[in-house]
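Structure, as structure tokens:
When a ligand or atom number is given, it counts from 1 through the structure's own listing order.
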Amino acid sequence: MKAGNDIQHAAALLKNGKVVAIPTETVYGLAANAFNAEAVITIFEIKNRPKFNPLIVHVASWQMVEKITASIDPLLKQIAEKFWPGPLTILFPKSDAIHPIITAGSAYVAVRMPNHPLTIQLLKELDFPLAAPSANLFGKISPTTTAHVLEQLGDQIDYVLDGGECSVGVESTIIKMNMYEKVEILRPGGVSAEEIAEITGYLPKTVSGSDSPEAPGMLNSHYAPKIPLVIGNIEELVNRYANKKIAVLAFYQKIDHPSVIKYYQLSPKKELHQAAHNLFSLMHEAENSGVDLIIAELLPEEGIGRAINDRLKRASF
Ligand code: TXA
Ligand code: MG
């Protein structure tokens with residue numbers, strides 16, 4: 001069996017230097033022993049991921065955080081204590097336990113304590129942390145179900161630990177301390193800037209994309225569906241592309257037009273967390289629905305809406 005909920009089997013494979021797909025609350029990860037450089041290199045090969053794009057290291061205890069970091073800023077620790085386990089990744093100065101292949105040569109390691117019962121249990125079985133990027137081919141849509149993982153990587157991996165649908169649905173928020181001792185967001189994600197502001201007292205700035213050489217993974221070609229995705233006013237775009245077979249990805253409203261073959265609501269309840277939960281699943285569905293084009297709209301730029309808009313913009317061309 002390629003997929004199942006056998007934690008012991010997943011642990012045995014990982015101890016053997018194999019790569020296993022694991023569930024998290026954000027998206028599925030493609031995991032390997034972070035202390036085994038050869039196993040980590042396999043991740044890059046399977047994903048077809050450039051080596052300059054560093055990996056997040058997943059842990060289940062502060063003991064492990066201390067082992068892989070050289071120092072822990074007290075404010076970042078306070079933020080971690082509030083949101084871990086959860087969809088937040090923090091850059092800390094790395095210790096020698098972390099091979100440079102994981103950080104792409106950077107002196108900082110990205111650390112996250114994920115919040116999924118199977119993966120927490122799995123990490124507790126292991127005496128090493130798990131390096132894991134999202135379990136998709138490089139540049140493609142991230143997986144939020146085992147079926148998504150199998151579709152892209154099924155031929156290349158031994159096992160998917162099946163934890164059902166990812167609850168949050170977009171990747172973790174990545175933060176760091178900048179040179180002015182201010183918390184900065186490198187990638188908007190499951191924890192919102194507003195929530196972090198409750199601890200920092202200020203809204204952390206988002207430095208994204210090409211402005212942020214520190215998150216080289218945030219390339220504009222990320223999350224690209226197999227067919228073009230355009231963003232804007234849905235009605236206008238539907239009229240402009242009326243000669244095409246269209247799938248519409250809307251926040252909540254309905255649209256009736258003969259060219260619209262497929263219609264997807266991110267959140268029938270008009271609620272941003274529900275929209276995040278459905279985003280990648282509906283993008284997977286839309287790209288496989290036989291249409292020529294996906295037309296989508298941006299959501300309110302607040303809370304987790306910032307992460308949704310970030311992914312939609314990267315998916316568009
Ligand atoms: O929710 C998530 O974060 C998921 C789950 C599996 O944990 N993981 C994930 O990994 O989204 P990935 O590899 O798809 O995205 C990680 C991002 C990339 O943009 C990468 O450049 C950035 O994190 N990153 C990782 N380590 C870094 C480092 N040391 N310095 C700066 N950016 C880093
Ligand atoms: Mg990714």
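Here the shortest heavy-atom distance to atom 28 (C) of ligand 1, taken over Gly29, Gly190, Pro54, belongs to Pro54.
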N/O donor to acceptor pairs below 3.5 angstrom from side-chain atoms of residues 72-82, sequence neighbours left out:
| residue | atom | partner | partner atom | Å |
| --- | --- | --- | --- | --- |
| Asp73 | OD1 | Leu75 | N | 2.9 |
| Asp73 | OD1 | Leu76 | N | 3.0 |
| Lys82 | NZ | Glu198 | OE1 | 3.4 |

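Residues near Ile120 contribute nothing to a hydrophobic cluster around it, because no ILVMFWY side-chain heavy atom sits closer than 4.5 Å to its side chain.
The distance criterion of under 3.5 Å between nitrogen or oxygen atoms is not met by Thr24 with respect to ligand 1. Here's the thing with Thr103: none of its N/O atoms is less than 3.5 angstrom from an N/O atom of ligand 1. Residue-to-ligand polar distances place Thr26 within reach of ligand 1: an N/O pair is separated by less than 3.5 Å. Below 3.5 Å of separation, one finds an N or O of Tyr108 facing an N or O of ligand 1.
Those atoms of ligand 1 with a heavy atom of Ile174 less than 4.0 angstrom away are 17 (C), 22 (C), 23 (O). Interface of Ala110 with ligand 1, defined as ligand atoms under 4.0 Å from a residue heavy atom, comprises 25 (C), 26 (N), 27 (C), 29 (N). Interface atoms of ligand 1 facing Glu171, defined by a heavy-atom separation under 4.0 Å, are 1 (O), 2 (C), 11 (O). Atoms of ligand 1 lying under 4.0 Å from any heavy atom of Leu91, numbered from 1 in the order shown and given with element: 28 (C), 30 (N), 31 (C). Taking a cut-off of under 4.0 Å to the non-hydrogen atoms of His58, the atoms of ligand 1 that pass are 5 (C), 6 (C), 7 (O). Interface atoms of ligand 1 facing Ile56, defined by a heavy-atom separation under 4.0 Å, are 3 (O), 8 (N), 9 (C), 10 (O), 16 (C). Of all the atoms in ligand 1, the ones that sit under 4.0 Å from a non-hydrogen atom of Pro133 are 10 (O), 12 (P), 13 (O).
With salt bridges taken as basic N to acidic carboxylate O contacts below 4.0 Å, none links Arg314 and Glu171. Between Glu25 and Arg112, at least one side-chain N (NZ, or NE/NH1/NH2) sits under 4.0 Å from a carboxylate O, which counts as a salt bridge.
When non-hydrogen atoms are compared, ligand 1 lies under 4.0 Å from the side chain of Arg49 (C-beta onward) but not from its backbone. At a 4.0 Å heavy-atom cut-off, ligand 1 touches Asn53 through the side chain alone.
Both tests hold for Lys182 against Tyr202: distance to the six-membered ring centre under 6.0 Å, angle to the ring axis within 45°.
Residues Tyr159 and His9 bring their aromatic ring centres within 6.0 Å. The aromatic ring centres of Phe44 and Phe138 sit 6.0 Å or more apart.
The line from CG of Leu272 to CZ of Arg306 is 10.5 Å long, rounded to the nearest 0.5 Å. One finds the CD1 atom of Ile98 at 8.0 Å from the OG1 atom of Thr103 (value rounded to the nearest 0.5 Å). Note that CG of Asp310 and OG1 of Thr173 are 10.0 Å apart. Values are rounded to the nearest 0.5 Å.
For the Mg ion (ligand 2), protein N, O or S atoms under 2.8 Å: 1 in total.
Under a 4.0 angstrom heavy-atom cut-off, Lys176 registers as lying outside contact with ligand 1. Residue contacts with ligand 1: Lys94 is excluded, as none of its non-hydrogen atoms falls under 4.0 Å.
For Lys47 (side chain) and Ala135 (main-chain N/O), no donor-acceptor pair under 3.5 Å exists by modelled atom type. The backbone N or O of Lys67 lies less than 3.5 Å from a partner atom in the side chain of Ser95, making a donor-acceptor pair.
Here the closest heavy-atom approach between residue Gly190 and residue Val168 is recorded as CA-CG1, 4.0 Å.
Residues that satisfy the salt bridge (Lys or Arg N to Asp or Glu O under 4.0 Å) test with Glu125, not counting sequence neighbours, are absent from this structure.
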